[in-house]
2 protein chains.
Amino acid sequence: MAVKINENYQLLKSNYIFAEIAHRVDKFQEENPDAQIIKMGIGDVTRPLPKAVVDKFKEAVEEMGNSETFRGYGPEQGYSFLIKEIIEKDYAPLGIELSEDEVFISDGAKCDTGNIQEIFGLDNIVAVTDPVYPVYVESNVMAGRSGPMNEEGRYEGMVYLPCTEENEFVPELPKTHVDLIYLCFPNNPTGMTLTRDELAKWVEYARKNDSIILFDAAYESYITEDDVPHSIYEIEGAWDVAIEFRSFSKNAGFTGTRCAFTVVPKEIMAVDSLGNQQSVNPLWNRRQTTKFNGVSYPVQVAAKAVYSKEGQKEIRESIDYYMKNAEIIRESLKTVGLKVYGGVNSPYIWVKTPNNMDSWEFFDLLLKEANVVGTPGVGFGPSGEGYFRITAFNTLENTKEAMERLSKLEI
Amino acid sequence: MAVKINENYQLLKSNYIFAEIAHRVDKFQEENPDAQIIKMGIGDVTRPLPKAVVDKFKEAVEEMGNSETFRGYGPEQGYSFLIKEIIEKDYAPLGIELSEDEVFISDGAKCDTGNIQEIFGLDNIVAVTDPVYPVYVESNVMAGRSGPMNEEGRYEGMVYLPCTEENEFVPELPKTHVDLIYLCFPNNPTGMTLTRDELAKWVEYARKNDSIILFDAAYESYITEDDVPHSIYEIEGAWDVAIEFRSFSKNAGFTGTRCAFTVVPKEIMAVDSLGNQQSVNPLWNRRQTTKFNGVSYPVQVAAKAVYSKEGQKEIRESIDYYMKNAEIIRESLKTVGLKVYGGVNSPYIWVKTPNNMDSWEFFDLLLKEANVVGTPGVGFGPSGEGYFRITAFNTLENTKEAMERLSKLEI
């Protein structure tokens, strides 16, 4: 009678992609000590926190050192001063009305997109796009909503929606019933997005099929085209069928500072086994109040400063900087004759590998011939095979240099 | 075919105790606008972060604002600079050797004690002391390891180990087999603890019964008596049967700053359904890397500063301050003729209500007659009925004033 493990963990296929990348890069560097390797593989920002954010962050730290202004436990859901700012600055301008208890501050969209499944039953059918951010898939596998991985590299029992050149990276509506649908647009890893009309089809599907959409909008600040919605709630009817995840990571450089939020409208309903409708918002509130203790107070103050006039100006400069890189990457790769996607409303460029090379062959080619590192698309799912992700988060100088090198490749 | 909720959430009995306390206090204050209410109910620190911590915290924030020193995603398990400090300063002096991959930094012991159950199967039997920190119980109810709450106020299928005057707040070993055992010593809420010999009995039980002890040591820095272990790993044989949770909340005032850590020795084993032994450490690593993205970099730098010479001096001053309050509370209540427990190795004083009053009657008495607020013991579980928790976290002045008022009560 020993302690039993959660056997669902045994279903997980370790995704060794980033370890394998590191291994190949290290080996190459060892054999070629003079090579100046440029890394364009990681989806992490490089520009510092805005000055407006740093200043307020430090002030809040100072407050914590003073007994008159010290703060102990805060609300698990986050401080009202930050929630109000989110509602007024992110949503009100889009015509979306939120009440304070519909916004939950957290320490990351990874945590929230990973934890959200807990409030739903194990018998729900989960749909994900393919390629996909692995957290959506693996958090459900760990909970027991899948069978083992099949030979195609997909977990049985989950519905995969391919996003490839053939459908212009717009997932088709599921042919069988699904309950929970993870959508991330602008997309990681493809960098592609949905127009208002395309997203509206998903909302319509969810309404007709009593599904709930889990919408990851972590990259919304990179949107440049008018026809691309920043929030799923811009779509009529989305209000009571969609949960939205956002983050300060990619817009304000908070990947190492940690702050995000999730919007759970009170009108979203799910059912218990008696068929009674239950609002999902109190379930998430119960989850968060029981297993989470709020985000660091100084971090929440720092996040609030993102919305200041100066903060907005500074984050816009960083986003523009990255998007300038994205443009350089797009145009350079096109010139070499490669087919490229994304990079218009996203810091990610999704490259079709030439001559039917597989993702890893292309990885090796770029590493060896140009000393440039990207991410093999197959690491994000079987439909990513034959693609390659390059990110726009390096410096302008390195980006130019990398593209200069690629331009000399014979592909 | 609508989305199904996680029905285990419907088993949860909302614990309205803190809401009910707030309600009664507000009502009393309204009816008695001149009453100077002193709150001694909440288990939250009040003294500011040490200066040594604030200084380093601010420096790290500054680093985040500079492109040369900016940090994006850190390791999900925490930075080595903090883990090394924990190993060297918290464990090495106790003769406990840890490797870096056995320590996981997190944003709170609440999260870790709530999430740890995920890596174990649903068919494990869970044991908790009673009274108890509700997170241990509720995280297991939410996951499906219990039936409904019975009339006694206990969830069916879980094993409750009463801690009362009768056993001097030392839980008896379970009479039936249990797999996972949550122990918190020094205890919240009773403030009582286990001697080395008493804890050794639990380690022996776990070894004999192939159980795992989940040991919450959040209050270890309040220990004053030599015979009380600071870490469960001080007990021979504990190494491969116990996971230990610690936090910077109560020792260094991090309740609003958020940093904690969990020790998962690689030797701890559990089994899969084929009976194969599986190390638990990689499972927790998988859980954290999949659903967590590390603690804010400046917060980890701040936590490291807790271990500096100046930091240690300052946190010791705060702990001594609280413990002086605890002594005043203990002695004052004894003088009035009350039976008191705890407060020697803990900032919590656990009071036996006089004349068989129930917890809420005593609450009302103190509120009305002395304008002092504490926490009814029954809020922590049925065995807490007839007890009352007072915390030592208020100011010295308020603590003295509160005790002065209590001394005039006729109990």
Side-chain angles (χ1 to χ4, degrees), chain A residues 1-7 9-10 12 44-49 51 54 57-58 61-62 64-67 70-74 107-108 110-111 114-115 118-121 123-124 135 138-139 177 179-180 210-212 255-258 270-273 278 283 286 290-293 296-297 299, chain B residues 1-7 9-10 12 44-49 51 54 57-58 61-62 64-67 70-74 107-108 110-111 114-115 118-121 123-124 135 138-139 177 179-180 210-212 255-258 270-273 278 283 286 290-293 296-297 299:
Chain A
M1 293 231 281
V3 174
K4 278 71 69 182
I5 65 163
N6 174 352
E7 290 198 281
Y9 277 60
Q10 293 184 315
L12 291 169
D44 193 4
V45 297
T46 51
R47 290 177 55 90
L49 292 184
K51 189 176 174 305
V54 169
F57 201 166
K58 278 161 60 183
V61 170
E62 195 68 46
M64 296 297 264
N66 183 316
S67 53
F70 173 78
R71 302 217 185 192
Y73 292 123
D107 65 327
K110 182 180 180 185
C111 309
N115 292 333
E118 286 183 32
I119 64 172
F120 299 110
D123 47 351
N124 290 292
V135 172
E138 295 184 348
S139 57
H177 175 81
D179 297 299
L180 300 170
D210 282 334
S211 314
I212 293 176
T255 51
T257 300
R258 316 298 315 138
V271 300
D272 60 25
S273 56
Q278 305 285 345
L283 296 178
R286 190 61 155 101
T290 304
K291 299 206 229 173
F292 181 61
N293 228 339
S296 184
Y297 167 71
V299 171
Chain B
M1 292 231 282
V3 173
K4 278 71 68 184
I5 65 163
N6 175 353
E7 290 197 282
Y9 277 60
Q10 293 184 315
L12 293 168
D44 193 4
V45 298
T46 51
R47 289 177 55 92
L49 291 185
K51 189 177 175 306
V54 168
F57 200 166
K58 278 162 61 184
V61 170
E62 194 69 45
M64 296 297 264
N66 182 317
S67 53
F70 174 78
R71 303 217 184 192
Y73 292 123
D107 64 327
K110 183 180 179 185
C111 308
N115 292 332
E118 287 184 30
I119 64 173
F120 299 109
D123 46 351
N124 290 293
V135 171
E138 295 184 347
S139 58
H177 175 81
D179 297 299
L180 300 170
D210 282 334
S211 314
I212 293 177
T255 51
T257 299
R258 313 300 314 137
V271 299
D272 60 25
S273 57
Q278 306 285 344
L283 297 177
R286 190 61 155 99
T290 304
K291 300 206 229 171
F292 181 62
N293 228 340
S296 184
Y297 168 70
V299 171

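Residue numbers start from 1 in every chain, and the chains themselves are labelled A, B, ... in the order their sequence lines are given, proteins ahead of strands.
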- Main-chain N/O of A/K4 paired with B/N124 side-chain donor or acceptor, under 3.5 Å: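 Yes: the side chain of B/N124 pairs with the backbone of A/K4.
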- Okay, side chain of A/E7, backbone of B/S273: is any donor-acceptor separation there less than 3.5 Å?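 Such a contact is found between A/E7 side chain and B/S273 backbone.
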Contacting region of [X] [heavy-atom separation from chain B under 4.5 Å]:
| X | answer |
| --- | --- |
| A/F120 | both |
| A/Q10 | side chain |
| A/V61 | both |
| A/K58 | both |

Residue among [options] with most heavy-atom pairs under 4.5 Å to chain A:
| options | value |
| --- | --- |
| B/S139, B/G121, B/G108 | B/G121 |
| B/D210, B/V54, B/L283, B/T255 | B/T255 |
| B/V299, B/L180, B/N66 | B/N66 |
| B/V45, B/N115, B/D123 | B/D123 |
| B/G114, B/A270, B/G74 | B/A270 |

Could you report the tightest heavy-atom contact between [X] and [Y], atom names first, then the distance?
| X | Y | value |
| --- | --- | --- |
| B/P48 | A/G65 | CB-C, 3.4 Å |
| B/N293 | A/C111 | N-SG, 4.3 Å |
| B/T290 | A/K110 | O-CE, 3.3 Å |

- Query: With a 4.5 angstrom heavy-atom cut-off, which part of B/Y9 approaches chain A: side chain, backbone, both or neither?
  - Reply: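 Contact with chain A: side chain only.
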- What do the steps show when you test A/F292 against B/R258 for side-chain contact (heavy atoms from CB on, under 4.5 Å), and what is the final call? CA-CA 10 Å; A/F292 181 61; B/R258 313 300 314 137; over 6 Å; no
- Task: Quick one: pull up CG in B/L49 and CD in A/E62 and give me the separation to the nearest 0.5 Å.
- Result: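 B/L49 CG to A/E62 CD: 10.5 Å, rounded to 0.5 Å.
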- Message: Just to verify, what does A/S211 make a side-chain hydrogen bond (donor to acceptor under 3.5 Å, both in side chains) with, not counting sequence neighbours?
- Response: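 Checked A/S211 against side-chain hydrogen bond (donor to acceptor under 3.5 Å, both in side chains); zero matches.
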- Could you tell me which residues satisfy side-chain hydrogen bond (donor to acceptor under 3.5 Å, both in side chains) with B/D107, sequence neighbours excluded, listed by chain and number?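 Not a single residue meets the side-chain hydrogen bond (donor to acceptor under 3.5 Å, both in side chains) criterion with B/D107.
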